[in-house]
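Inspection log for the structure reproduced underneath, given as structure tokens.
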Amino acid sequence: MKHLMTLADLTSAEIDHIFAITEDLKTKFAKGLREPLLPGRVIALLFEKPSLRTRVSFEAGIGHLGGSAMFLGADTGFGKRESLADFGRVLSQYVDAIVVRAFRHDTVCELARHAACCVINGLTDFAHPCQAMADLYTIRELAGKLQGRTLGWVGDANNVARSLAVGCGKVGMNFVAASPKAYQWSEEQVAWITQQVPELNLTITTDPGEAVADAVAVYTDVWASMGQEKERQQRKRDFADYQVNAHLMARAQKGAMFMHCLPARRGEEVTDEVIDGPQSVVVQQAANRMHAQKGILAWMLGKAN
Ligand code: CP
Ligand code: NVA
């Protein structure tokens with residue numbers, strides 16, 4: 001039984017295979033074809049935090065594949081009413097897979113340890129693997145190949161950044177992250193990444209110009225993630241020099257794409273001019289969440305496996 005906690009759970013060959021399934025399903029979807037790869041399968045979507053993209057793209061994608069999605073919010077008492085072990089053991093008797101979004105990464109790992117079905121991380125404070133799969137797929141669509149390309153990260157070295165860094169290692173991309181010193185990965189976190197993907201060419205800097213210089217894609221995310229709302233004002237000051245604006249994009253390669261996982265705080269980490277401009281691919285990224293997750297589900301549970 002497979003779980004997806006971080007992209008370290010997938011080999012490079014498995015990522016390639018999922019991309020091939022994604023491409024096939026996306027092409028068919030554009031022609032109005034829906035392939036029922038998950039007939040009768042029920043997938044629980046268990047969310048401790050808000051979501052538009054993750055929840056709806058999973059629900060819609062599961063519907064396209066002939067399965068059904070069951071949204072579970074706070075009224076399940078998840079993490080409060082009973083132990084995570086009991087919750088996972090019981091819920092997994094009813095469903096074929098659980099997609100879970102939680103504050104703490106340990107919560108999702110603990111659930112997976114006790115579940116009798118596949119568990120997919122739909123975002124934790126540590127990782128957002130489904131986002132990174134969709135993003136790498138988007139770069140592959142637009143840039144043709146991934147091997148040897150560079151992703152330039154500007155901003156907080158957060159869950160999305162960590163997943164992209166591991167993903168880049170798996171697909172042969174370089175990763176350059178520019179963050180203020182206090183928001184860079186700790187030595188322990190860098191050690192975790194390099195242990196998962198020893199082949200990754202990783203550069204960590206405080207200079208946003210260095211991050212974008214060779215990048216095929218310039219990526220940013222909010223300065224305060226869900227759960228860090230109280231730090232928002234402090235972070236706005238600390239990240240003031242890390243806004244992705246026209247001036248910074250002008251330092252990137254001609255034609256570099258602008259990426260953001262969304263939701264964005266316009267006027268903070270990115271200007272309207274950039275996110276609405278010709279280099280922005282944020283809507284394609286959001287659309288690809290659904291296609292890539294259909295690829296992941298079909299690979300994990302379906303006949304395409
Ligand atoms: N990018 C992303 O995960 O968006 P949601 O929080 O809306 O799911
Ligand atoms: N880093 C953000 C990503 C949201 C999709 C957060 O965790 O809130």
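We count ligands from 1, going down the list as the structure has it; atoms in each ligand are counted the same way. Every value quoted in this text rests on a predicted model; they were computed, and no experiment measured them.
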message = Return the closest protein heavy atom for atom 2 (C) of ligand 1 as residue, atom name and distance.
response = R289 NH1, 3.3 Å
Contacts table for residues 91-98: side-chain donor-acceptor under 3.5 angstrom, sequence neighbours left out:
{"residue": "S92", "atom": "OG", "partner": "G88", "partner atom": "O", "Å": "2.7"}
{"residue": "S92", "atom": "OG", "partner": "R89", "partner atom": "O", "Å": "3.2"}
{"residue": "S92", "atom": "OG", "partner": "A116", "partner atom": "N", "Å": "2.8"}
{"residue": "Q93", "atom": "NE2", "partner": "R89", "partner atom": "O", "Å": "3.1"}
{"residue": "D96", "atom": "OD2", "partner": "V42", "partner atom": "N", "Å": "2.8"}

request  = Please determine which of R140, K28, K294 meets the salt bridge (charged side-chain N to carboxylate O under 4.0 Å, His left out) test together with E23.
outcome  = R140
query = In the protein, which heavy atom is nearest to atom 7 (O) of ligand 1, and how far is it?
reply = L52 N, 2.7 Å
ask   = Should M226 be counted as touching ligand 1, given the test is an N or O pair under 3.5 Å?
value = no
ask   = What's the shortest distance from atom 4 (C) of ligand 2 to any protein heavy atom, and which residue and atom give it?
value = L123 CD1, 3.8 Å
request  = Among V274, T138, I275, find the residue that satisfies the side-chain contact (heavy atoms from CB on, under 4.5 Å) test when tested with V282.
outcome  = I275
request  = For atom 8 (O) of ligand 2, grab the closest protein heavy atom and report residue, atom and distance to one decimal in Å.
outcome  = M226 N, 2.8 Å
request  = Consider every N or O of S225 and every N or O of ligand 2, then say whether any pair is closer than 3.5 Å.
outcome  = yes
key: atom 7 (O) of ligand 2 - nearest protein heavy atom and its distance   = N159 ND2, 2.8 Å
inquiry  = In this structure, does ligand 1 have an atom that sits under 4.0 Å from one of the heavy atoms of L262?
reply    = yes
message = Over 60° means perpendicular and under 30° means parallel, so tell me whether F239 and W223 are parallel, tilted or perpendicular.
response = parallel
request  = With heavy atoms of H128 as the reference, note each atom of ligand 1 found under 4.0 Å away.
outcome  = 2 (C), 3 (O)
message = Would you say the rings of Y137 and H291 are close, in the sense that their centroids are separated by under 6.0 Å?
response = no
query = Between the side chains of N288 and E141, is a donor N or O closer than 3.5 angstrom to an acceptor N or O?
reply = yes
inquiry  = Can you tell me how the ring of W153 sits relative to the ring of Y219, calling it parallel under 30°, perpendicular over 60° and tilted otherwise?
reply    = parallel
ask   = Does R289 use its side chain to pair, donor to acceptor, with the backbone of A134 at less than 3.5 Å?
value = no
inquiry  = Just to confirm my output: which protein heavy-atom neighbour is closest to atom 6 (O) of ligand 1, and how far is it?
reply    = R101 NH1, 2.8 Å
Min heavy-atom dist L262 to ligand 2 below 4.0 Å = yes
query = So is there a nitrogen or oxygen of K49 less than 3.5 Å from a nitrogen or oxygen in ligand 2?
reply = no
query = Any donor-acceptor pair under 3.5 Å linking the side chain of Q228 with the backbone of S225?
reply = yes
ask   = Are T205 and E210 close enough, and set up right, to give a side chain to side chain donor-acceptor pair (under 3.5 Å), and what steps lead you there?
value = CA-CA 7 Å; T205 173; E210 187 182 346; 2.9 Å; yes
query = For atom 4 (O) of ligand 1, what's the nearest protein heavy atom and its distance?
reply = R53 NE, 2.8 Å
query = Is R55 close to ligand 1, meaning an N/O of one under 3.5 Å from an N/O of the other?
reply = no
inquiry  = Return the closest protein heavy atom for atom 3 (C) of ligand 2 as residue, atom name and distance.
reply    = D221 OD2, 3.5 Å
